[in-house]
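Working notes for the structure below.
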Amino acid sequence: MKIDMPFEHSETVDLALDTIKKDKQALIFVNTKNSAEKQAEDISKQIKNIDLEELSYEILNVLPTPTKQCKRLADCIKRGIAFHHSGLNSKQRELIEDNFRTGAIKIICCTPTLAAGLDLPAFRAIIKDLKRFTSRGMQFIPVLEYLQMAGRAGRPKFDSVGEAICIAKSDSNNEEIYEKYIMGEPEDIYSKLAAEPVLRTYVLSLIASELVGSKKELMEFFEKTFFAHQYEDMAQLNSLVMRVVGMLKDWEFISVESADSETSDFTSADFFGEETYKATLLGKRISELYLDPYTASKLIDGLKNNKDKVEFSYLHLISNTLEMRPLLSVTKAESEDIEEKLELSREYILDDEDFFEDYYTFMSSIKTAFFLEEWINEKDEDFLLTKFKVRPGEIKYKTNIADWLLYSCHELAKLLMLKEQLSSIVKVRLRLQYGVKEELLPLVKIKGIGKVRARKLFNNNIKDVRGLKKVDISSLKRIVGEKMGVNIKKQLLMG
DNA sequence: GGACGGTGAAACTTCAGGTTGCCTC
DNA sequence: GAAGTTTCACCGTCC
């Protein structure tokens with residue numbers, strides 16, 4: 001283990017080139033997706049004698065139309081260099097990981113993704129950034145995370161040693177890194193229960209699963225948790241938990257009964273009375289859905305709202321939750337656009353409390369909903385990357401959460417007897433899954449037909465199963481290809 | 001004269017990751 | 001707070 005002083009310039013590129021010269025591989029850890037891409041690009045420009053034409057081509061074409069990100073990645077890959085972060089398409093990630101294992105790819109510039117989950121060791125782990133942006137400005141990352149990254153150095157089967165290299169930006173930075181990371185101890189682990197959304201979800205699930213049925217049992221449970229161990233102040237923990245119980249009761253997710261109603265005044269704050277808890281039907285379902293009760297209450301209010309509802313209503317309702325965060329932020333240049341969008345949709349927005357409370361967040365939720373709307377109107381990945389700066393991997397992630405929330409809306413609407421909304425929610429959900437307009441839904445139900453083929457068929461005037469049955473096989477083959485044509489016809493015969 | 005291209009400084013943005021639900025032939 | 005990207009003014013060149 002050693003710390004390098006800065007070279008004249010671009011020490012990271014030099015280290016990467018040196019690694020390749022030694023016929024070894026390296027992982028370079030940086031703190032943002034953009035930096036990962038830029039770093040990979042900078043290194044790849046210095047490489048002359050590697051040419052992975054085929055792999056580069058494969059990586060470029062994982063989507064129907066390549067995005068700028070795909071092109072950038074493909075250019076790097078050609079030279080044996082990759083960038084890797086959560087914004088990549090999953091197929092691309094897989095290709096990079098596999099080809100790093102085989103040794104074809106020499107260097108991966110990555111965000112911490114690669115440190116935790118994946119088993120991708122390399123001769124060198126180069127840790128370029130030890131600070132990361134947080135709500136309190138730039139902060140050193142935890143020692144534990146540093147160890148995760150440094151731990152990628154050395155491949156047990158191939159190398160007898162590994163090198164973990166930190167890049168210091170100055171002499172004083174060098175000192176800091178040495179003290180904090182090389183000599184320092186990992187910090188204590190903190191319970192995540194303390195965050196209120198987690199506490200809310202947890203309390204409801206304890207009651208819904210009948211693990212606890214009374215105030216006494218609830219408090220006993222929390223006293224035994226790691227959280228209480230760290231919290232120490234039991235009185236405060238008590239009041240925090242009781243506040244959550246109060247909220248759950250107000251939202252009618254649990255029912256509370258007092259054995260002795262005379263003593264259950266506010267005077268009994270720290271009296272473990274015989275208050276008993278039971279989850280309502282609604283509360284049970286919310287717990288099963290793993291929803292934060294606060295989110296659930298917001299969704300319920302929205303669904304009950306009497307306003308006319310269009311797709312955007314639902315998309316905004318789910319965009320305005322904690323689960324969808326971080327939301328897409330609104331830039332100066334586009335703020336007028338988003339305001340205009342808001343004006344157009346204002347009458348269909350079910351939850352506009354934040355318009356007055358927290359305007360900036362509200363506008364972000366509008367932009368996020370707008371992004372989802374573009375997606376269900378068949379805008380492709382490159383368009384969304386350019387317009388919203390949302391990368392393919394992030395589209396997948398966001399739409400997946402949105403899908404879960406829409407499913408939750410559907411389940412809630414069912415319990416609330418809001419039957420008239422069910423079919424529109426199902427429709428939005430399906431459109432979100434496939435990224436298609438409503439007119440393609442009948443086609444997309446068939447196996448092997450996604451947004452691209454469905455659009456092609458539709459434009460050839462084949463609009464549903466009936467149309468597919470009517471069209472002759474040769475025309476069908478012409479539209480969707482030889483194999484797919486046969487496949488579809490087969491399915492129609494069986495179904 | 002004007003279209004084009006290159007350059008650099010200033011202004012502007014953005015900042016890691018990824019569990020939960022249900023379903024499928 | 002820092003790195004990366006975009007924008008814009010400025011200058012020189014070529015047709």
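The sequence lines fix the lettering, A, B, ..., with proteins before strands; numbering per chain opens at 1. As the structure is a computational prediction, the values presented were derived from the model and not from experiment.
Near DNA chain B, meaning a heavy atom under 4.0 Å from it, residues 399-416 of chain A has A/N400, A/I401, A/D403, A/W404, A/Y407 in order of number.
Counting distance only, with no hydrogens placed and no angle test, the side-chain atoms of A/Y397 and the base atoms of B/dG18 include a donor-acceptor pair under 3.5 Å.
At distances below 3.5 Å, not a single donor-acceptor pair connects side-chain atoms of A/K414 with backbone N or O atoms of A/L422. Judged by distance alone, with hydrogens and angles left aside, the side-chain atoms of A/S364 form no donor-acceptor pair with the main-chain N or O of A/S329 at under 3.5 Å.
Side-chain proximity of A/S86 to the nucleotides C/dA3, C/dT5, B/dG18 is greatest for B/dG18. Ranking B/dA16, B/dT13, C/dA2 by closeness to the A/M138 side chain, first place goes to C/dA2. If you check B/dG17, C/dT5, C/dA3 against the side chain of A/K38, the one that comes closest is C/dT5. When the nucleotides C/dA3, B/dC15, B/dT13 are ranked by their closest atom to the side chain of A/T32, B/dC15 comes out on top. Considering only side-chain atoms of A/T113, the nucleotide from C/dT5, B/dG17, B/dC15 that sits closest is B/dG17. Which of B/dG17, B/dT13, C/dG4 sits closest to the side chain of A/N34 comes down to C/dG4.
A salt bridge does not link A/E378 with A/K437: none of the charged nitrogens is closer than 4.0 Å to a carboxylate oxygen. Comment: A/K131 does not engage A/E176 in a salt bridge, judged by the lack of any side-chain N to carboxylate O separation of less than 4.0 angstrom. Between A/K341 and A/D337 there is no salt bridge, since no side-chain N of the basic residue sits under 4.0 Å from a carboxylate O of the acidic one. The residues A/K45 and A/D75 are annotated as not salt-bridged, no charged nitrogen and carboxylate oxygen being separated by less than 4.0 angstrom.
Positionally, the nearest nucleotide of DNA chain B for A/F388 lies more toward the 5' end than for the other of A/F388 and A/P326. Mapped onto DNA chain B by nearest heavy atom, A/T111 and A/Y290 fall at different nucleotides, with A/T111 at the one closer to the 5' end.
Taking the P atoms as reference points, B/dT20 lies 37 Å from C/dG1, given to the whole Å.
Separating the OH atom of A/Y434 from the P atom of B/dC23 is a distance of 15 Å, rounded to the nearest angstrom. Atom CD in A/Q39 sits about 8 Å away from atom P in C/dG4, given to the nearest Å. Between the CZ atom of A/R72 and the C1' atom of C/dT5 there is a distance of 10 Å, given to the nearest Å. Atom CG of A/N31 is separated from atom C1' of C/dG4 by 11 Å (rounded to the nearest Å). We find that CD1 of A/I141 is positioned 16 Å from C1' of C/dG1, with the value rounded to whole Å. Counting to the nearest Å, the C1' atom of B/dG18 and the NE2 atom of A/H85 are 15 Å from each other. Taking atom NZ on A/K490 and atom P on B/dC25, their separation rounds to 18 Å, with Å as the unit. A/K332 places its NZ atom 15 Å from the C1' atom of B/dT14, with the value rounded to the nearest Å.
When heavy atoms are screened at a 4.0 angstrom cut-off, A/R391 is found touching no nucleic acid atom at all. Across all strands, A/R429 comes closer than 4.0 Å to base atoms (heavy-atom distances). At a threshold of 4.0 angstrom between heavy atoms, the contacts of A/A333 are confined to the sugar-phosphate backbone, with no base atom among them.
Between A/Q491 and A/K447, the side chains place no donor N or O within less than 3.5 Å of an acceptor N or O (distance only, hydrogens not considered). The closest side-chain donor-acceptor pair between A/T19 and A/K106, if any, does not fall under 3.5 angstrom.
Dashed line: the shortest gap from a side-chain N or O of A/K447 to OP1 or OP2 of B/dT24 is not under 4.0 Å. Of the side-chain N and O atoms in A/S329, none sit less than 4.0 angstrom from OP1 or OP2 of B/dT13.
Checking C/dC14 for Watson-Crick or G-U wobble geometry (two distances, each under 3.5 Å) identifies B/dG2 as its partner.
The number of heavy-atom neighbours closer than 6.0 Å to CZ of A/F383, taken from other residues, nucleotides and ligands shown, is above 12.
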